[in-house]
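To start, the structure itself, in C-alpha cells.
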Amino acid sequence: MEYSAQTIEKKWQEYWKQNKSFEPSEDFTKEKKYILSMFPFPSGRLHMGHVRNYSISDAFARYHRQQGKNVLHPIGFDSFGMPAENAAIKNGSHPKGWTYDNIDYMKKEFYALGFSFSREREMATSDELYTKFEQSFIIDMFEKGLLYRKKGLLNWCPHDQTVLANEQVVEGCCWRCDTPIVKKDMNQYYFKITQYGDELLNDLKKLEGGWPKQVLTMQENWIGKSNGLAFDLFFDEESSAKLNNTFKSFDVFTTRPDTIYGVSYTALAPEHEIVTYMIENSLLPDDVISQIKKMKTTSSIDRQKEKSGVPLKIEVLHPLTGKKIPVWVANFVLMDYGSGAVMAVPAHDDRDFDFAKKYDLPIHAVIKPFDGEVSLDSAFTEVGELFNSGEFDGLNSKKSQYNIIKYFEENNIGKKTTNYKLKDWGVSRQRYWGAPIPFVHCDDCGLVMEKKENLPIALPEDVEITGEGNPLDNHPTWKHCKCPACGKDAIRETDTMDTFVESSWYFLRFCASPKNWEKEAFSQEQIKYWMGVDHYIGGIEHAILHLLYARFFTKVFRDLGYVDFDEPFDKLLTQGMVLKDGAKMSKSKGNTVDPDAIIEKFGADTARMFILFAAPPTQELEWNDSGVEGSHRFIKRFFTNSGNVLKTDKIPKIDHASLSKEEKFARKKVYEALVRANDVYNERYTFNTMIAGVMEAMNALNVQNNSDVWSEGYWILSSIMEPVIPHTCWEISSKYFSLNNLSSQTVIDEVFVEDSISLGVSINGKVRAQIEVALDETNENIISMAKQSVEKWLEDKTIIKEIVVPKKLVNLVIKG
RNA sequence: GCGGAUGUGGUGAAAUUGGUAUACACGCCAGACUUAGGAUCUGGUGCCGCAAGGUGUGGAGGUUCAAGUCCUCUCAUCCGCACCA
C-alpha cells in the first residue's frame with residue numbers, strides 16, 4: 001500500500017474531468033451555494049497566495065457539494081491590464097498572446113491542484129464576448145447619467161503613462177510601480193460613484209457579521225463622510241475691485257462651526273480658480289506666482305513635508321463680525337476636498353496653528369477648558385466652553401455647533417453640509433490592453449455612444465507597443481470611424497477602461513449558463529437563483545478598490561433593473577498573506593516557493609493540507625518546509641492505515657456497549673472530529689483545528705484493532721478530509737466505500753456518553769488531583785472523594801467553600 | 001495623529017459560554033529497526049528544581065471560589081488611512 005501522490009492525483013483529476021464532476025446543475029429548485037475566490041490576473045504562474053486562496057474556496061465548495069447543495073465554484077481571469085503591455089514592451093510579445101498563454105499555463109496548474117472549478121464557465125475578461133456586454137452596460141450607465149466626461153485635475157503616473165483613480169494612489173505613489181504621481185489636467189471619463197456614497201456607507205451595516213470589521217472600517221474611512229457648515233466668505237470692496245469684480249466670494253466648509261469666532265485667516269488651494277485668475281491676470285508679484293507654481297507641481301508626498309504659503313494681499317469679511325481677514329494660498333489645502341478653500345482657526349486646529357506660527361498670523365482663542373484658562377503654546381482642540389464668541393459665549397463648544405449652524409441657516413449666510421472624501425471614479429486609461437470605451441467623437445454631434453448592435457468595439461491586433469503614447473491613438477486606421485448618429489467621419493475614443501470595471505461584475509457573469517453566453521450577459525432568473533455570493537474569499541488588499549467598486553456596480557445594476565438586491569457578497573473571508581522567513585514571498589526577496597515544485601515533490605494534497613493546517617485562513621501563514629513534510633507524512637499514514645478498513649457500501653452498525661475502552665475512545669474521537677468539521681465548514685472556518693481533530697481521531701484508531709471501528713472511522717474521516725485532500729480521499733473511498741461516504745454524515749450521540757468522568761480537584765483555584773466519578777454521582781459524594789484525593793493539602797486548614805462545576809472540576813477554598 | 005488588529009513553549013498554533021493552559025503539528029532528546037538514514041516506528045519534551053514543590057498566556061493592577069478569556073492602565077508589533085478643513 002505505497003502512497004503515490006502522482007498516480008492517484010492524475011487518476012482522479014482525469015476522472016473528474018471526464019465525468020464533469022463539478023458542473024453546477026441548472027435545476028433551480030435545489031438549494032444553492034455560490035463559492036467564489038477573487039479571480040487571478042494571468043501573470044504567468046500561480047504563487048502560494050493563489051494556492052491558499054483556492055484551497056480555501058475549494059474546501060467550501062467540496063463540503064457543500066457533499067451536503068447535497070448545488071454548488072457554483074467558477075474560475076476566470078482578470079486578464080486586461082498593464083503587465084501584459086509591459087511584458088510586450090520588454091519581450092516584444094503581443095499582449096494578447098502573452099495573456100492567453102499564461103491563462104493556459106495557469107489553468108493546468110489549477111487542475112493539477114485538484115480544484116473543483118466549473119470548467120464550462122471558465123472565462124477571461126479580455127474575451128471579446130465579455131467586452132461586448134461590458135460596453136453595453138457602459139452605454140446604459142452613460143444614458144442614466146452615471147458616466148460622464150470632463151476635464152479635470154488627475155493623478156498621472158509618469159512611469160506607466162496613464163491616469164490613475166484615487167483608489168489606485170497609495171501613499172502618493174502609483175499602486176503598481178510606486179512612482180510618485182503628479183497632478184495633470186486632462187479629459188477623463190468618470191463613474192458617478194459619489195451619487196451612491198451615502199448608500200455605500202449605510203449598507204455597510206447590512207454586511208456586519210458577514211464581512212471582517214477591518215474591511216468595513218476601511219470602506220467607511222474611504223467614503224469619509226463628515227458633517228459641518230458651508231458658507232461664503234465675501235471680499236471687501238477693495239479686494240473685489242482688485243479682482244476686477246470677477247469674484248464676490250468663495251465657499252468654505254468646516255466641521256468646527258463652534259470655532260467660527262476664532263477665524264484669523266483663510267487659505268485657498270494653489271489650484272483654486274481665484275488663484276488661477278490672479279496668476280493669469282498678473283495680479284500677483286512674480287515671486288509669488290513662481291512660489292504657487294512650485295506648490296502645484298510638487299508631488300503630493302513632497303507637498304506634505306512642510307507647510308508653506310503666500311499671502312494674496314486680498315481680504316474677506318468675517319461672516320459674523322464683519323472684521324477683515326487675510327486670504328492666503330497654502331500648500332496643505334487640497335483642491336479635491338470640499339471647495340478647495342478653508343477658514344483657519346489656529347487657536348483650535350493643529351495644522352492652522354503651525355501655519356500661523358510660521359507666518360506670524362494672529363491667533364484668536366474662543367474655546368477654553370471648562371476648568372481653566374487657554375494657553376497659546378499649542379492649539380486647544382478639545383471640547384470646552386465658548387468665549388469671545390458673541391451671543392454664543394458660555395456654551396459647550398460641542399453643543400454650540402448645532403446653535404451656530406442654525407444661526408447661519410436662519411440668517412441665510414450658510415447651511416448644514418455633508419462632505420465626502422470619496423470622489424467620482426475616473427475610469428479612462430491611455431493604454432492598449434483594456435476594454436475600449438464605446439464612444440465616438442464627432443465634430444457635429446459631440447460625444448456619441450456607439451450603437452449596441454456594433455458591439456463589441458474590439459481591439460485591433462496589429463499594434464505596436466512601444467511604451468510611448470497610446471497605441472490605439474497611434475494606430476493608423478482603428479480610430480477612424482463613422483459617427484453612429486449622423487454618419488459623418490468621426491474619431492473613435494482611444495482611451496480604454498480601468499480593469500477594475502471588469503472585476504466589478506464578473507461574479508454576475510459566472511451566474512449565466514454558458515449555453516446562453518453568446519446572447520446575454522446573464523438572465524434575471526439565473527442571477528436571482530445564484531446571487532449573492534455565499535462565500536467570497538480573497539486578499540485584504542482589495543478592501544477598498546475592488547470591493548467598493550463591485551458594491552457600486554451592484555447598486556447601479558439594481559437601479560438599471562438587472563438585479564434585485566443591494567449587496568453582492570454575503571460573506572467575505574480575507575485570507576492572510578503567505579510568508580517565508582517572516583516576510584511576504586516575493587521574487588525580489590528571493591524567498592518564493594514554487595507551487596509546481598511542491599506538487600511534484602509531495603503532491604497537490606500535501607500542498608493543500610499544509611496550507612489549511614499551518615494557520616487559520618485569516619492569519620498570516622509562515623511557510624515551513626518541515627511542516628510540509630509533516631502534512632505529507634500524515635497523508636501517507638492515512639493512506640497506509642486504510643488497509644485496516646473492510647470494504648463496505650454503507651457505514652457499519654456498531655454495538656457501542658460491547659466495545660473495549662480503546663474502541664469506544666476511537667469512536668468518540670471520530671465523531672468529535674465530525675462535529676468539529678461541521679462547525680468549521682459552516683461557522684468558524686478554522687480548518688487547522690478540524691485537521692487537528694482528524695489527526696487525534698487517527699491516533700485513537702491506531703491503538704485499537706476492531707475492523708468495524710476502523711471502517712466506520714474511515715468512512716467518516718475520509719469524508720471530512722475530502723475537501724482538503726480530495727485525491728487521497730476519493731482513492732480510499734472508491735476502494736472501500738464505492739464513493740458512497742462522500743456525503744453528509746450523521747452524528748451519533750451514544751459515542752459521547754461516558755461511563756465515568758474525570759474531574760480536576762483544585763484548591764484555591766490550583767489543580768492538585770484528578771478523580772474519576774460516575775456520571776450520576778451526587779455532589780455530596782463527589783466532594784468527599786475530592787477531599788480524600790487532596791488530603792495532604794487539607795491538614796490544619798479549614799474549608800470555607802466547596803464548588804462543584806458539573807463535568808469539569810471541584811474547587812475547595814481553604815483558609816489557614 | 002485617526003482607525004483596525006495581534007501578543008500563549010524552541011517554532012506554527014489550540015483552549016466555542018470565565019471552569020483541569022499549551023490540543024494538533026514542527027523541532028529537539030532518547031530508544032527500536034537498519035550497511036546507512038534527511039525513511040519508518042516507540043517513548044519523552046513549558047520553565048526552575050535531584051525531588052517535594054514552585055512558577056507560567058507582553059507588563060502592572062482589579063473583579064471572582066476560579067481569569068489566556070471580563071474591567072482599568074500600560075508596553076510592543078503588524079496593517080490600513082492620513083495636511084480631509
Side-chain angles (χ1 to χ4, degrees), chain A residues 170-172 212-222 224-226 228-230 252-256 259 266-267 269 300 303-307 330-334 336-345 349-352 354-355 381 419-422 540-541 543-544 576-577 579 610 613-616 618-631 633-634 636-637 640 676 679-680 683-684 686 688-699 702 758-770 792 800-814:
Chain A
V170 180
E171 289 174 9
K213 230 191 197 157
Q214 191 190 2
V215 175
L216 296 177
T217 317
M218 282 166 79
Q219 292 218 353
E220 192 184 325
N221 291 342
W222 186 262
K225 181 177 182 171
S226 55
L229 170 71
V252 293
F253 171 74
T254 179
T255 55
R256 294 292 306 276
T259 63
T266 79
S300 59
R303 210 162 135 169
Q304 282 183 37
K305 282 181 186 152
E306 205 192 335
K307 291 176 186 48
N331 67 345
F332 65 81
V333 183
L334 308 174
D336 53 12
Y337 184 77
S339 58
V342 296
M343 64 173 222
V345 187
D349 181 282
D350 291 322
R351 191 193 45 199
D352 296 347
D354 292 348
F355 192 82
T381 55
N419 240 308
Y420 297 88
K421 283 203 281 177
L422 182 70
I540 188 105
E541 66 272 20
I544 302 176
M577 284 192 303
L579 310 180
F610 170 74
F613 181 56
T618 53
Q619 263 179 52
E620 287 178 341
L621 173 102
E622 173 73 30
W623 189 266
N624 178 306
D625 291 330
S626 5
V628 177
E629 283 170 30
S631 291
R633 246 189 326 263
F634 171 81
K636 275 200 285 191
R637 261 196 319 140
T640 314
R676 198 185 280 185
D679 191 31
V680 164
E683 304 284 342
R684 287 156 56 80
T686 48
N688 54 327
T689 63
M690 181 196 83
I691 295 168
V694 171
M695 287 173 167
E696 283 179 56
M698 261 288 290
N699 294 343
N702 250 326
S758 169
L759 297 182
V761 181
S762 62
I763 293 175
N764 292 351
K766 281 191 172 49
V767 178
R768 298 298 186 187
Q770 292 285 323
K792 68 168 175 174
I800 54 173
K801 203 163 183 182
E802 296 159 347
I803 293 145
V804 178
V805 184
K807 295 180 184 175
K808 299 274 185 191
L809 55 76
V810 181
N811 190 22
L812 303 174
V813 184
I814 60 169

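The sequence lines fix the lettering, A, B, ..., with proteins before strands; numbering per chain opens at 1.
- Within the nucleic acid shown, A:Lys225 has no heavy atom closer than 4.0 Å to any nucleic acid atom.
- On a pure distance criterion of 3.5 Å, a polar donor-acceptor pair joins the side chain of A:Gln770 and the base of B:U20.
- Where A:Phe253 and A:Val767 each meet RNA chain B at their nearest nucleotide, the meeting point lying more 5' is that of A:Val767.
- Projected onto RNA chain B by closest heavy-atom contact, A:Ser631 and A:Val805 fall at different nucleotides, the more 5' of which corresponds to A:Val805.
- Within the 4.5 Å cutoff, side-chain heavy atoms of A:Asn699 are placed close to those of A:Arg637.
- Nucleotides B:U17 and B:G68 place their C1' atoms 15 Å apart, quoted to the nearest Å.
- Contact annotation: the side chain of A:Glu622 approaches that of A:Leu579 to within less than 4.5 Å [non-hydrogen atoms, C-beta and beyond].
- Side-chain contact between A:Asp352 and A:Phe332 is present, with heavy atoms from C-beta onward closer than 4.5 Å.
- With distances taken from any side-chain atom of A:Glu696 to the nucleotides B:G80, B:A23, B:A14, the minimum falls on B:A23.
- Between B:A21 and B:G9, the distance separating the two C1' atoms is 11 Å to the nearest Å.
- A:Ile544 places its CD1 atom 15 Å from the P atom of B:G4, with the value rounded to the nearest Å.
- Between A:Ile540 and A:Gln214, some side-chain heavy-atom pair lies under the 4.5 Å cut-off.
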Kindly express the pairing pattern of RNA chain B in dot-bracket notation, using | wherever a base pairs with another strand and counting only Watson-Crick or G-U pairs under 3.5 Å. (((((((..(((......[....)))((((((.......))))))(((....)))..(((((..]....))))))))))))....

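- In this structure, CD1 of A:Ile540 is placed 14 Å from C1' of B:U6, rounded to the nearest angstrom.
- Considering only the side chain of A:Met695, B:A25 comes nearest among B:A5, B:A85, B:A25.
- At a threshold of 4.5 Å between non-hydrogen side-chain atoms, the residues A:Leu809 and A:Val767 do not count as touching.
- Contact annotation: A:Gln619 reaches the phosphate of B:A13 (side-chain N/O to OP1 or OP2, under 4.0 Å).
- Although no hydrogens or angles enter the test, the distance criterion places no donor-acceptor pair under 3.5 Å between the side chain of A:Thr686 and the main chain of A:Asn688.
- Set against B:U20, B:A14, B:C24, the side chain of A:Asn688 has B:A14 as its closest nucleotide.
- Spacing between B:U63 and B:U42 at atom C1', rounded to whole Å, works out to 48 Å.
- With rounding to the nearest 0.5 Å, the separation of CG in A:Asn221 from NZ in A:Lys421 is 6.0 Å.
- B:U74 and B:G19 have their C1' atoms separated by 29 Å, given to the nearest Å.
- In this structure, CE in A:Met218 is found 15.5 Å from NZ in A:Lys213, a value given to the nearest 0.5 Å.
- Contact annotation for A:Ser762: no contact, since no heavy-atom pair falls under 4.0 Å across all strands.
- Comparing the C1' positions of B:A14 and B:A25 gives a spacing of 11 Å, expressed to the nearest Å.
- Rounded to whole Å, the separation between the C1' atoms of B:G62 and B:G80 comes to 34 Å.
- Here the P atom of nucleotide B:C24 and the CZ atom of A:Phe610 are 19 Å apart, to the nearest Å.
- Between A:Val805 and A:Asn811, the closest side-chain pair of non-hydrogen atoms is not below 4.5 Å.
- Distance from the side chain of A:Ser226 is smallest for B:A85 among the nucleotides B:C79, B:A85, B:A21.
- Residue A:Trp222 places its side chain closer to B:A82 than to any other of B:A82, B:A13, B:A15.
- The shortest distance between side-chain heavy atoms of A:Leu812 and A:Arg768 does not fall below 4.5 Å.
- For B:A15, the OP1/OP2 oxygens have a side-chain nitrogen or oxygen of A:Arg684 closer than 4.0 Å.
- The separation of B:A60 from B:G27, taken at their C1' atoms, amounts to 34 Å, rounded to a whole angstrom.
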Hey, what are the protein-to-nucleotides 64-70 of chain B N/O distances that come in under 3.5 Å?
from  : atom 1 : to       : atom 2 : distance (Å)
B:C65 : O2'    : A:Asn811 : ND2    : 3.1
B:C65 : O2     : A:Asn811 : ND2    : 2.9

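- For B:C26, one of the phosphate oxygens OP1 or OP2 lies less than 4.0 angstrom from a side-chain nitrogen or oxygen of A:Arg633.
- Between A:Asn699 and B:A25, a side-chain N or O to OP1/OP2 separation shorter than 4.0 Å is present.
- As rounded to whole Å, 11 Å separates atom C1' of B:U77 from atom CD of A:Glu620.
- B:G53 atom C1' lies 12 Å from atom NZ of A:Lys766, rounded to whole Å.
- A:Lys808 comes within 4.0 angstrom of a base, heavy atoms only.
- Closest approach to the A:Asn221 side chain among B:C26, B:G80, B:C84 is made by B:G80 (side chain taken as heavy atoms from C-beta onward).
- In this structure the side chain of A:Val694 reaches within 4.5 angstrom of the side chain of A:Phe634, judged on heavy atoms.
- B:U45 and B:U8 are spaced 23 Å apart, taking the P atom of each and rounding to whole Å.
- For A:Arg768, no side-chain nitrogen or oxygen approaches OP1 or OP2 of B:U20 to under 4.0 Å.
- Here B:G12 is the nucleotide among B:G12, B:C26, B:A14 with the atom lying nearest to any side-chain atom of A:Ala614.
- At distances below 3.5 Å, not a single donor-acceptor pair connects side-chain atoms of A:Asp349 with backbone N or O atoms of A:Ala344.
- Summarising the geometry, atom OG1 belonging to A:Thr254 is positioned 3.5 Å from atom CE belonging to A:Met343; distances are rounded to the nearest 0.5 Å.
- At whole-Å resolution of the value, CG in A:Asp352 and P in B:C84 are 9 Å apart.
- For the pair A:Asp354 CG and B:G1 C1', the computed distance is 12 Å after rounding to whole Å.
- Residue A:Phe613 has its side chain nearest to B:C24 when only B:A85, B:C24, B:C26 are considered.
- For B:G9, the O4'-C1' to base torsion is within 90° of 0; the nucleotide is therefore syn.
- With distances taken from any side-chain atom of A:Met218 to the nucleotides B:G3, B:A14, B:G80, the minimum falls on B:G80.
- Counting any heavy atom pair closer than 4.0 Å across all strands shown, A:Glu306 reaches a base atom.
- Atom CZ of A:Phe332 and atom P of B:C84 are 9 Å apart (whole Å).
- Contact annotation: A:Arg637 side-chain N/O to B:A39 OP1/OP2 distance is not under 4.0 Å.
- Put simply, A:Arg256 has no side-chain N or O that comes within less than 4.0 Å of OP1 or OP2 on B:C84.
- If you check every strand for non-hydrogen atoms under 4.0 Å, A:Pro212 touches nothing.
- Scanning all heavy atoms of the two residues, the minimum distance from A:Ser339 to A:Phe253 falls at OG-N, 4.4 Å.
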